[in-house]
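Values reported hereafter were calculated over all heavy atoms of this structure, with side chains retained and with hydrogens, waters and symmetry mates removed. Whatever order the structure lists them in is the order used to number ligands and atoms, beginning at 1.
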Amino acid sequence: MKHILIGSCIVVAAYCNGFLQQDDVPSIKQTTVAPPVCINDLSSYANCDAVTTYHFHLDAFVDFTQSAIGGNQTLNMTSLKDGLNQVVIDYQGMQIISVLEQDQTTGAFTDLTSACTHYDDANLGSALIIPLKNTYLKDSNLTLRLQYLTNLNGKAMSWLTEAQTATKIMKYMFTQCEPIYCRSVAPFQDTPSIKSSYSANITAKNPYVVKLSGREREPTVNANDNTTTYHFYQDIKIPSYLFAIAVGNLAVQHIGDQYSRSSVISEPGVEFLERYANELSELDELLNATEAWMTPYIWGNYTILILPPSFPFGGMENPLLTFASPTIIVGDKSQVYVATHEIAHSWTGNDVTCRDWSNLWLNEGFTVFEERKVSAERHGIDFALREAQLGNVSLWEDMRVFGLNTTYSALYPVMNGANPDDSFSNVPYEKGFQFLTYIEQQMKTPADFRRFIQDYVLAHAQTSITLGGDSSPPNFQDYIKATDPQLKVIFLNRLLARSTEVSVKVVAKIDADLNCTGEPNPEIGQRWFPLTIQVGYGKALAKAQYYVSYQGRLKYLQPVYRALVDNGMRDTAYQWFLLNQNFYHPIAVDSIRAIVLQSHSPSQYTLERISYAMQRFW
Ligand code: BES
Ligand code: ZN
């Protein structure tokens, strides 16, 4: 792959001829050592405790001849600690061609490509580990430039043929980045815990039209190669999942009068753009109504882009440019509430953002709550109540499918390294809505709660937040000071009280810091072993068995056996019991037997084992 220099940017040589070329480039070495995940978001490998992106600039070409995006992603970053010498970036479905570090004084680039390594994870994509040439002090800035070319494995992009579009004369490409697919459009610190402004120059062959979730400047027509470069910028800091691109045969129609802030974009034609604009004729009134209920709208204009029918969601709240499915255009305006929902995300989601995907309900639950307030005003309270009733049915159906014992049925699902899409359901929407409705009812008047929501949005504007879960307050390291056994017990009690929120990673870290598994004090084992069994921290299992075998105090035995039975390990409990029952006092034998055999529908295997054991011992 050749590189050429245009102005200050290095671009793929072939880019300028109107298409991208993938030559052999030395590939980045793979490592099997997983880097730690982001401390604020288990779905990203970004070392976000050490470095954060404050602006990104994407210079890219959208090539329909090979369904690829290629270009340069420039990350303007700030070091969050003294001695920063490594950056980890998320990517998926692309080839990283080169990695450059820019000198902050001379502007010169150093090629770091050969020193980089990548780690691949089946759920989260790849981590690009970049050892820096320079070492950075806390609060100093650094600039990285990554040249890349996407391939067809990328999860965010959908490439449509002419036949798959409405007007059938041009191809079409659109992205869907939420929750973790932005990393396949370009390399990113792909976590909602980081927000940055951006600018982008996106080039495509004429007459393709490019739209992004940002403000547009005048495009540049490149006379030499029959392409146009579209320029965008987004000054309000956004999380990466709100980055969006659509390219195709696109036209714009303004909605409402000259003062209106709203527009619709889609493929042109009476059957498409005109029909969509008619259905969405009240878009500006919806925006005004939401703004009146909430606080001022910060984003400027509001546009809905109606995509081809394969768009996988009803709507996606990309800032300034909601993406929506044509299924919301029914003819009778009965699905326009989807637009109300996406408009409401302009406050909760796009301004106040969930810090990680376990906190998705902060986006969706609040947004559904606001959506139904506006719907009640505009379409009557019965419309909103029926939506809530329908939502409740969907909520229970999803919980039934997940099972009531998994955190996926809870407001705060614990992902433990799974793809956040595995936990996606109506739960964050409807349980979130019901929770907020419940709190509203505890207030003197609904107006008090409305004021709370307004204050909440203003207080957390343009930040990413969490309400508990794996949240790490700034002094979280203080627990290491719990060297005294009593303090450890107090700490473990608190942890047990919120054990459904504890991940196996957190348990592993605590064990590394406090060595709870090796702790001789039995009061610690009484709490620690049940916790490790519950979260599936296998490393402690042998010690847990020893714990119930070297002593027979009931208060120490019962929690361990109960944890095994409650977490699908009844057979293990039974095995341990068999091995120890001659050692246990008869009172303990009765108690533990009752726990191990407590009412359940035992597998055939278990039944056989029990009857065999009974013949032998009783
Ligand atoms: N942001 C969501 C869609 C989403 C959530 C995509 C999580 C990927 C991961 C969007 O705002 C949404 O909720 N859309 C709903 C609309 C409905 C609730 C009115 C949809 O598409 O059905
Ligand atoms: Zn939503």
Side-chain angles (χ1 to χ4, degrees), residues 41 43 155-156 158 174-185 190-192 213 238-244 280 283 286 290 302 304-307 309-330 333-376 378-379 383-384 386-395 398 408 411 413 415 418-434 436:
D41 173 12
S43 303
K155 297 276 171 68
S158 192
F174 66 86
T175 61
Q176 166 59 39
C177 288
E178 191 180 16
I180 59 163
Y181 307 119
C182 197
R183 61 195 69 175
S184 72
V185 182
D190 192 8
T191 162
S213 52
I238 60 158
S240 51
Y241 77 86
L242 292 177
F243 185 66
L280 297 170
L283 203 54
L286 287 176
T290 316
Y302 181 77
I304 293 194
L305 170 62
I306 304 288
L307 285 116
S310 61
F311 184 67
F313 290 95
M316 176 64 216
E317 66 273 23
N318 301 313
L320 294 173
L321 189 64
T322 284
F323 280 18
S325 157
T327 60
I328 76 162
I329 310 294
V330 181
K333 303 195 173 180
S334 55
Q335 290 289 309
V336 171
Y337 77 91
V338 175
T340 313
H341 177 94
E342 305 313 333
I343 289 172
H345 271 305
S346 308
W347 287 263
T348 42
N350 299 5
D351 191 9
V352 180
T353 306
C354 61
R355 197 193 63 177
D356 57 51
W357 300 110
S358 290
N359 281 290
L360 180 64
W361 81 273
L362 295 177
N363 285 10
E364 299 302 344
F366 275 80
T367 296
V368 169
F369 185 84
E370 294 145 18
E371 166 210 322
R372 290 185 184 151
K373 289 293 180 196
V374 175
S375 286
R378 296 206 40 98
H379 315 301
F383 180 89
R386 284 185 206 123
E387 285 300 323
Q389 194 278 341
L390 291 168
N392 186 48
V393 174
S394 315
L395 166 66
D398 285 350
Y408 286 13
L411 217 41
M415 254 67 111
N419 184 323
D421 266 349
D422 294 357
S423 72
F424 181 74
S425 75
N426 285 290
V427 173
Y429 292 77
E430 300 299 340
K431 201 172 261 200
F433 164 78
Q434 293 185 10
L436 294 173

(Q) Nearest N/O/S atom of E364 with respect to the Zn ion (ligand 2), by atom name, please. (A) OE1

Q: Indicate yes or no for a side-chain donor-acceptor contact from N363 to the backbone of C354 under 3.5 Å, with no hydrogens or angles considered.
A: yes

Q) Looking only at heavy atoms, which two atoms of G349 and T353 are closest? And how far apart? A) O-OG1, 2.6 Å

Would you mind listing each N/O atom of ligand 1 next to any protein N/O under 3.5 Å, plus the distance?
unit_1   : atom_1 : unit_2 : atom_2 : d
ligand 1 : 1 (N)  : E178   : OE1    : 2.8
ligand 1 : 1 (N)  : E317   : OE1    : 2.6
ligand 1 : 1 (N)  : E317   : OE2    : 3.1
ligand 1 : 1 (N)  : E364   : OE2    : 2.9
ligand 1 : 11 (O) : E317   : OE1    : 2.9
ligand 1 : 11 (O) : H341   : NE2    : 3.3
ligand 1 : 11 (O) : E342   : OE1    : 2.8
ligand 1 : 11 (O) : E342   : OE2    : 3.2
ligand 1 : 11 (O) : H345   : NE2    : 2.9
ligand 1 : 13 (O) : H341   : NE2    : 3.1
ligand 1 : 13 (O) : E364   : OE1    : 3.3
ligand 1 : 13 (O) : Y429   : OH     : 2.6
ligand 1 : 14 (N) : G315   : O      : 3.2
ligand 1 : 14 (N) : E342   : OE2    : 3.3
ligand 1 : 21 (O) : G314   : N      : 2.6
ligand 1 : 21 (O) : G315   : N      : 3.2

(Q) For E317 and H341, which I'm curious about, is there any donor-acceptor pair between the side chains at under 3.5 Å? (A) no

Q: Take the angle between the ring planes of F383 and Y337 and call it parallel below 30°, perpendicular above 60°, tilted in between.
A: perpendicular

Q: Considering non-hydrogen atoms only, spot the tightest contact between C182 and S240 and give its length.
A: SG-O, 3.2 Å

Q: Quick one: list whatever passes ring pair (Phe, Tyr, Trp, His ring centres under 6.0 Å) with Y241, sequence neighbours left out.
A: W357

**Q.** Check: T348 main-chain N/O paired with T367 side-chain donor or acceptor under 3.5 Å
**A.** yes

Q: Identify, by name, the N, O or S atom of H345 lying closest to the Zn ion (ligand 2).
A: NE2

